[in-house]
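Data block below; observations after.
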Amino acid sequence: MEDQLLWRLMTGETVSGMQMSEEAGLTRAAIWKQVQKLREAGFGIESRGRQGYRLVSCPDSLRAPVIAKGLDTQWAGRRIAYYEEVDSTNRVARRMAAEGAPEGTLVVADAQSEGRGRRGRSWMSRRGEGIAMSLVLRPCVHPSQVAMLSLQTAVAVALGVEEATGLQAGIKWPNDVVVGGKKICGMLLEMTGDEQMVREVIAGIGINVHEREFPEEFAKTASSLDLQTGRTLRRADVVRAVLRGVERARELERRDELMRVYREHSVTLGSRVRVISPGETFEGEAQDLTQGGGLKVRTDDGACREVLAGDVSVRGIMGYV
Ligand code: BTN
């Protein structure tokens, strides 16, 4: 409800309480209550007597009007659903997609209670620290091409992170984005459709922004954008940059340049890796990508093996990348 008021305040105008109450069909006291709620959430709102209210400062917020301000994309994030807390933004996006949400619809949350990661792991999203976002994509592709879409999303986020931070971002196959050799973003792509055609893909993206501490198991491998830049970033700026990245990556794909950009960002290709799958573990050199987005690994006995993202964990021999 406060969002209607926030959309108006974000224009920078002084918003009359009287006019707002007429537009929203609420009493002026109800509008005042909404102003108070926004103030409690950190929005600096000046009361200018009879003239009304004016926004003078904006906190680090992921609310839809804050992300939308200055967003210059054509389709990515043109519709935004913000939640203070959800179980999983992927789950919400999936529901919205089933109800017909258009391509590019963004679901974003300040916290997730059941965030999901790849290979059945969970993903922690603590309130106000990182970004949990999911995009509804409607590619007209065969299910076998979804792995490529996952590489495309990795390029999108890497480009977005570079734009938002000015730092170089790398991609650890298939789609972890790393900065300074540490993971700052993970992705989970989930599709619906049949054997012939993908109906919709939910691209879930989790980005560490303000986190300073990580659970022990990730302490050596994870980092955040604040830690890597030495600055305190605004999460809405990062989301906008990623949404631009999503459109840039789609354009690269259209021009047949996506794999070149992926390879340029890859921190996996050319390095020695350990491949851990449910049945076996082996080591070798990550040599190239396959047509379908898999990883070609040359093992020490000279054999060439193709590794698919769904089944395995690929770790560098010397460290995480
Ligand atoms: C991984 O590295 O294992 C992937 C993590 C993906 C997490 C994101 S956060 C937003 C979206 N919602 C989820 O439940 N998961 C993804």
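If you're wondering where the values come from, they're calculated on a predicted model, not measured in any experiment. Counting from 1, the numbers follow the sequence of the chain as shown. Keep in mind that the numbers below use all heavy atoms, side chains included, and drop hydrogens, waters and symmetry copies.
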Pairwise salt bridge (Lys or Arg N to Asp or Glu O under 4.0 Å) hits with a residue in residues 97-106, at least two apart: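 Residue pairs with at least one partner in residues 97-106: Glu103-Arg250.
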Salt bridge (Lys or Arg N to Asp or Glu O under 4.0 Å): pairs with one or both residues in residues 209-229, sequence neighbours excluded: none
side-chain hydrogen bond (donor to acceptor under 3.5 Å, both in side chains): pairs with one or both residues in residues 287-297, sequence neighbours excluded: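 Residue pairs with at least one partner in residues 287-297: Arg263-Asp288, Gln287-Arg298, Thr290-Glu306.
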For the student: nearest non-hydrogen atoms of Ile207 and Leu225, plus distance: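 Result for this residue pair: CG2-CD1, 4.0 Å.
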Minimum-distance pair of heavy atoms, taken over all atoms of Pro174 and Ser150: CB-OG, 4.4 Å
Co-members of [X] in a cluster of I, L, V, M, F, W and Y side chains, linked at under 4.5 Å:
| X | result |
| --- | --- |
| Trp7 | none |
| Val136 | Ile202 |
| Phe218 | Phe214, Leu227 |

Could you verify whether a donor N or O on one side chain and an acceptor N or O on the other, from [X] and [Y], lie under 3.5 Å apart?
| X | Y | answer |
| --- | --- | --- |
| Ser88 | Glu114 | no |
| Asp110 | Tyr82 | yes |
| His265 | Glu162 | yes |
| Gln51 | Thr14 | no |

Over-ring placement of Arg48 relative to Tyr53, 6.0 Å and 45° cut-offs: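 The answer is no, since Arg48 fails at least one limit relative to Tyr53.
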